[in-house]
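All remarks here apply to the structure that follows.
Per chain, numbering begins at 1; letters A, B, ... match sequence-line order.
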Number of protein chains: 2
Amino acid sequence: MAADIYKALADATRRAILDELQERDGQSLFELCTRLTMRHGLGSTRQAVSQHLDVLQEAGLVTVRREGRYKFHHLDTGPLREITARWPAPDQGES
Amino acid sequence: MAADIYKALADATRRAILDELQERDGQSLFELCTRLTMRHGLGSTRQAVSQHLDVLQEAGLVTVRREGRYKFHHLDTGPLREITARWPAPDQGES
DNA sequence: TTGACAGGCAAGTGACTGCTTGCCTATACA
DNA sequence: TGTATAGGCAAGCAGTCACTTGCCTGTCAA
C-alpha cells in the first residue's frame with residue numbers, strides 16, 4: 001500500500017537507493033550495500049539499508065522478488081506520478 | 001537556493017499549503033491559516049504555518065511578494081519537475 | 001500619536017526517525 | 001552434517017523536526 005511516498009523520498013540515502021536501482025535493477029541487499037558504498041560514498045550498514053528498503057517498499061517505490069536465499073529489489077517509479085499530477089505545471093493541464 | 005524539496009514535501013501540512021496555494025494563489029499568512037483550518041481541518045497556529053512557509057520558500061516551491069504590511073505567497077511547481085526527471089517512467093521519455 | 005493588525009525571532013519541548021547493536025532464521029554448499 | 005552466506009527482528013540511542021510560547025518589529029488608520 002502506498003504509505004507515504006513523500007516521507008520515503010525525504011531521506012537522501014533512500015534517494016540514492018532509488019538511483020542505484022535505476023542504474024541496475026533487481027539488486028540484492030548485499031549488492032546494494034556494496035554499490036552504495038563504492039559509487040555513492042555512503043557507509044551504510046546492512047541493517048540500515050534494509051530498513052530503508054522497507055520504507056521504500058511500503059511506499060510502493062520498490063517491489064521485491066524472492067528467490068532462494070536471495071531477495072531482489074526492483075524500482076517502480078509509478079507512484080512518483082502522483083506528485084506532478086497533484087501540482088501540475090501551470091502551462092500544462094491546469095484549467 | 002533550492003534546499004531540499006524532498007524534505008519540504010515530507011510534511012502533510014506543507015503539502016496542504018501547496019494545495020491551498022494552488023487553489024487560490026497569492027494568499028497572505030493569516031489567509032492561509034484561516035483557509036487551512038476551514039477547508040483542510042488543520043488547527044495550525046500562525047507561527048507553525050509561518051515556519052512551514054519558510055521551508056517551502058527555501059525549497060523554491062513558494063515565492064514571496066511583499067506589499068506594505070502584507071506578504072503574499074505564490075506557488076511555484078517548477079522544482080517538482082526535478083523529481084520525475086530524476087526517476088522517469090520506464091516506458092516514457094522525459095519531456 | 002495611539003492602538004490594532006500583519007508578521008518575525010528565538011528558545012524550549014515532545015515526538016519522530018535513522019542508525020546501531022545483538023541475536024535469530026533460512027538457504028546453499030563443502 | 002556442519003558452516004558460511006543472505007536476510008530478519010527488536011530494543012536502545014541520538015539527532016532532527018514540528019510545534020508552542022513569549023516577546024518584538026513594522027505598517028496603517030483614526
Side-chain angles (χ1 to χ4, degrees), chain A residues 2-21 24-38 40-59 61-75, chain B residues 2-21 24-38 40-59 61-75:
Chain A
D4 196 339
I5 65 171
Y6 303 100
K7 300 233 176 197
L9 289 176
D11 187 80
T13 303
R14 284 196 287 269
R15 296 196 294 269
I17 291 176
L18 295 183
D19 289 339
E20 250 306 310
L21 285 180
R24 178 184 170 93
D25 203 37
Q27 295 190 51
S28 72
L29 176 57
F30 274 77
E31 205 174 347
L32 269 170
C33 287
T34 307
R35 289 175 64 102
L36 282 175
T37 305
M38 297 295 177
H40 299 261
L42 297 175
S44 303
T45 58
R46 176 181 61 88
Q47 287 83 355
V49 175
S50 177
Q51 286 169 6
H52 283 310
L53 285 171
D54 287 342
V55 176
L56 291 171
Q57 191 180 346
E58 287 269 318
L61 292 167
V62 163
T63 57
V64 164
R65 171 173 52 94
R66 259 228 118 103
E67 204 163 300
R69 62 173 161 175
Y70 297 96
K71 191 178 167 188
F72 299 107
H73 303 83
H74 296 265
L75 178 64
Chain B
D4 196 338
I5 64 170
Y6 303 100
K7 298 234 176 194
L9 289 176
D11 187 80
T13 303
R14 283 196 287 269
R15 296 196 294 270
I17 291 177
L18 295 183
D19 288 338
E20 250 306 309
L21 286 180
R24 179 185 170 92
D25 202 39
Q27 294 189 50
S28 72
L29 175 57
F30 274 76
E31 205 174 345
L32 269 170
C33 287
T34 307
R35 288 175 65 101
L36 282 174
T37 305
M38 296 295 175
H40 299 262
L42 298 175
S44 302
T45 58
R46 176 180 61 87
Q47 287 83 354
V49 176
S50 177
Q51 286 170 7
H52 283 310
L53 284 171
D54 286 343
V55 176
L56 290 172
Q57 191 180 346
E58 287 270 316
L61 292 168
V62 163
T63 57
V64 164
R65 170 173 53 93
R66 259 227 117 102
E67 204 163 299
R69 62 175 160 175
Y70 297 95
K71 190 177 168 188
F72 299 107
H73 302 83
H74 297 265
L75 177 65

Open item on the list: If I compare all heavy atoms of B:S50 with all of B:L29, which pair ends up nearest, and what's the gap?
Closed with: N-CD1, 3.9 Å
Open item on the list: Quick check on D:dT20: is either OP1 or OP2 less than 4.0 Å from any side-chain nitrogen or oxygen of B:R46?
Closed with: no
TODO: Among C:dG7, C:dT20, C:dA6, find the nucleotide with the atom closest to the side chain of B:R69.
DONE: C:dA6
TODO: Using the closest heavy atom to pick a nucleotide of DNA chain C for each, name whichever of A:V55 or A:Y70 lands nearer the 5' end.
DONE: A:V55
- [ ] Using the side-chain contact (heavy atoms from CB on, under 4.5 Å) rule, take B:L61 and B:L9 through it: C-alpha gap first, then chi angles, then the decisive distance, then the call.
- [x] CA-CA 9 Å; B:L61 292 168; B:L9 289 176; 4.2 Å; yes
Task: Spacing of B:H52 atom NE2 and B:R15 atom CZ [to the nearest 0.5 Å] - done: 11.0 Å
Task: Whole-Å distance separating the CD atom of A:E67 from the C1' atom of D:dT5 - done: 16 Å
- [ ] Please state whether the phosphate of C:dG8, meaning OP1 or OP2, lies under 4.0 angstrom from any side-chain nitrogen or oxygen of B:K71.
- [x] yes
Task: Candidate nucleotides D:dG7, D:dA18, C:dA6, ranked by approach to the side chain of B:R14 - the nearest - done: D:dA18
TODO: Spell out, as yes or no, whether a donor-acceptor pair under 3.5 Å connects the side chain of B:S28 to the backbone of B:K71.
DONE: no
Open item on the list: Would the distance check show the side chain of B:R14 and the main-chain N or O of B:K7 forming a donor-acceptor pair, the cut-off being under 3.5 Å?
Closed with: yes
Open item on the list: Is the phosphate of D:dG8 approached by A:S50 (side-chain N or O, under 4.0 Å from OP1 or OP2)?
Closed with: yes
TODO: Using atom CZ of B:F30 as one end and atom C1' of D:dT27 as the other, report the distance to the nearest whole Å.
DONE: 13 Å
Task: Separation of C:dG18 P from A:L56 CG (nearest whole Å) - done: 10 Å
TODO: Assign A:S44 to base, sugar-phosphate, or nothing according to its heavy-atom contacts below 4.0 angstrom with the strands shown.
DONE: nothing
Task: Residue-phosphate contact under 4.0 Å: B:T45 side-chain N/O, D:dT20 OP1/OP2 - done: yes
Task: Between C1' of D:dA18 and CG of B:L42, the distance in whole Å - done: 13 Å
Open item on the list: How many whole angstroms separate atom CZ of A:R66 from atom C1' of C:dA26?
Closed with: 8 Å
TODO: Tell me which nucleotide among C:dG8, C:dT21, D:dA18 gets nearest to the side chain of A:Q47.
DONE: C:dT21
- [ ] Provide, to the nearest angstrom, the distance between the CD atom belonging to A:Q27 and the P atom belonging to D:dG7.
- [x] 11 Å
- [ ] Answer yes or no: side-chain N or O of A:Q51 and base N or O of C:dT20 forming a donor-acceptor pair under 3.5 Å.
- [x] yes
TODO: Round to a whole Å and report the spacing from CG of A:D11 to C1' of D:dC17.
DONE: 14 Å
Task: Nearest-Å distance for atom pair CD/P, residues B:E58 and D:dA18 - done: 13 Å
Task: Out of C:dG18, D:dC19, C:dT17, whichever nucleotide has its closest atom nearest the side chain of B:T13 - done: D:dC19
